[in-house]
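Shown next, in structure tokens, is the structure this report addresses.
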Amino acid sequence: MKDTRVTLKRRHPYATKSNVLKITKTPGGRLVAHRAAKKRNGPKCGDCKCSLPGIKHLASFQYKNTHKRERTVSRAYGGSRCAKCVRARIVRAFLIEEQKIVKQMMLDKSKKKGGAA
């Protein structure tokens with residue numbers, strides 16, 4: 001029966017999320033414990049709360065060591081809102097502007113009609 005015992009290198013023996021150990025065999029045949037990094041959720045869309053594609057899932061303090069192209073997407077609201085929500089915002093703004101124009105035209109028409117009579 002082979003020896004599967006591993007000596008922990010740190011004084012943290014509990015099996016918590018922050019202390020996940022992966023047992024690896026060295027070329028010398030020893031078993032050593034490699035500490036695995038925690039999985040990160042990554043940035044979410046501010047409107048629909050879906051995960052933003054194209055942006056790395058890192059801890060917040062690690063983003064300062066990345067390039068700007070890894071933190072954002074080259075689009076309006078890139079890195080803050082998903083494409084679907086940005087499209088919805090643009091369409092909404094366009095329809096509101098169209099509604100204002102129609103309202104103004106109706107007011108002008110009613111004034112013209114009232115002034116002629």
Side-chain angles (χ1 to χ4, degrees):
M1 188 171 165
K2 64 181 176 180
D3 192 16
T4 56
R5 293 176 297 173
V6 177
T7 306
L8 300 179
K9 296 292 181 189
R10 296 160 186 245
R11 291 182 177 176
H12 187 206
Y14 305 108
T16 60
K17 283 192 296 183
S18 62
N19 192 35
V20 178
L21 300 175
K22 184 183 181 214
I23 296 166
T24 311
K25 189 175 261 190
T26 61
R30 285 191 316 124
L31 292 175
V32 294
H34 285 179
R35 210 167 141 265
K38 287 169 77 173
K39 283 192 169 74
R40 306 300 176 157
N41 283 332
K44 304 267 190 285
C45 173
D47 294 344
C48 66
K49 306 295 185 241
C50 69
S51 186
L52 292 177
I55 298 172
K56 288 189 167 185
H57 290 210
L58 301 172
S60 55
F61 64 89
Q62 288 176 320
Y63 281 109
K64 69 177 170 47
N65 299 328
T66 59
H67 295 283
K68 188 173 182 182
R69 63 184 166 74
E70 295 169 329
R71 293 191 298 257
T72 63
V73 179
S74 56
R75 181 181 59 237
Y77 296 99
S80 171
R81 303 287 187 269
C82 68
K84 194 168 71 173
C85 293
V86 172
R87 191 179 300 121
R89 279 175 181 235
I90 292 168
V91 169
R92 190 184 311 124
F94 174 75
L95 290 174
I96 289 169
E97 288 299 316
E98 285 288 309
Q99 201 173 22
K100 286 179 185 175
I101 292 167
V102 169
K103 199 173 186 181
Q104 188 63 41
M105 285 173 57
M106 295 299 278
L107 280 170
D108 292 346
K109 201 172 186 181
S110 65
K111 281 183 182 177
K112 203 179 251 186
K113 200 173 190 181

**Request:** To the nearest 0.5 Å, tell me how far Leu31 CG sits from Thr26 OG1.
**Result:** 7.5 Å
**Request:** Report the C-alpha separation of Lys112 and Lys109 in whole Å, then their side-chain angles, then the decisive distance to 0.1 Å, and conclude whether the side chain to side chain contact (heavy atoms under 4.5 Å, CB included) test is met.
**Result:** CA-CA 5 Å; Lys112 203 179 251 186; Lys109 201 172 186 181; 5.7 Å; no
**Fill in**
Cys45 and Cys82 have their tightest heavy-atom pair at SG-N, 3.4 Å
**Reported OG-to-NE2 distance for the pair Ser18 and His12, which is rounded to 0.5 angstrom** = 5.0 Å
**Heavy atoms of other groups near Tyr63 OH, more than 12 under 6.0 Å** = yes
**Request:** State whether the number of non-hydrogen atoms from other residues, nucleotides or ligands found under 6.0 Å of Ile23 atom CD1 is greater than 12.
**Result:** no
**Where Pro13 and Arg11 come nearest, the two heavy atoms and their spacing** = CD-C, 3.9 Å
**Asked** Measuring from Met105:CE to Ser110:OG, what's the distance to the nearest 0.5 Å?
**Response** 12.0 Å
**Between CZ on residue Arg10 and CZ on residue Arg35, distance to nearest 0.5 Å** = 4.5 Å
**Asked** Do the side chains of Val32 and Leu21 join up, straight or via other hydrophobic residues, at under 4.5 Å, putting them in one cluster?
**Response** no
**Message:** Using a 6.0 Å cut-off, check whether atom NE2 of His67 has over 12 heavy atoms from anything other than its own residue.
**Reply:** no
**Prompt:** Taking Asp47 as the fixed residue, which of Arg87, Arg89, Arg92 is the one that meets the salt bridge (charged side-chain N to carboxylate O under 4.0 Å, His left out) rule?
**Reply:** Arg89
**Complete:** In terms of heavy-atom contacts, Ile55 and Pro43 come closest through CG2-CG, 3.4 Å
**Asked** Closest approach of Val20 and Lys17, non-hydrogen atoms and distance?
**Response** CG2-O, 3.4 Å
**Request:** Return the minimal non-hydrogen interatomic distance between Arg40 and Ala59, and the atom names on each side.
**Result:** CZ-CB, 3.5 Å
**Request:** Starting at CG of Leu52, measure out to OG1 of Thr72 and round the result to the nearest 0.5 Å.
**Result:** 11.0 Å
**Request:** Rounded to the nearest 0.5 Å, what's the gap from NZ on Lys103 to CG on Leu107? Could you check?
**Result:** 7.5 Å
**Candidate pair Lys100 and Ile96, rule side chain to side chain contact (heavy atoms under 4.5 Å, CB included), full reasoning** = CA-CA 6 Å; Lys100 286 179 185 175; Ile96 289 169; 4.0 Å; yes
**Request:** May I ask you to decide if Lys22's main-chain N or O and His34's side chain share a donor-acceptor pair within less than 3.5 Å?
**Result:** no
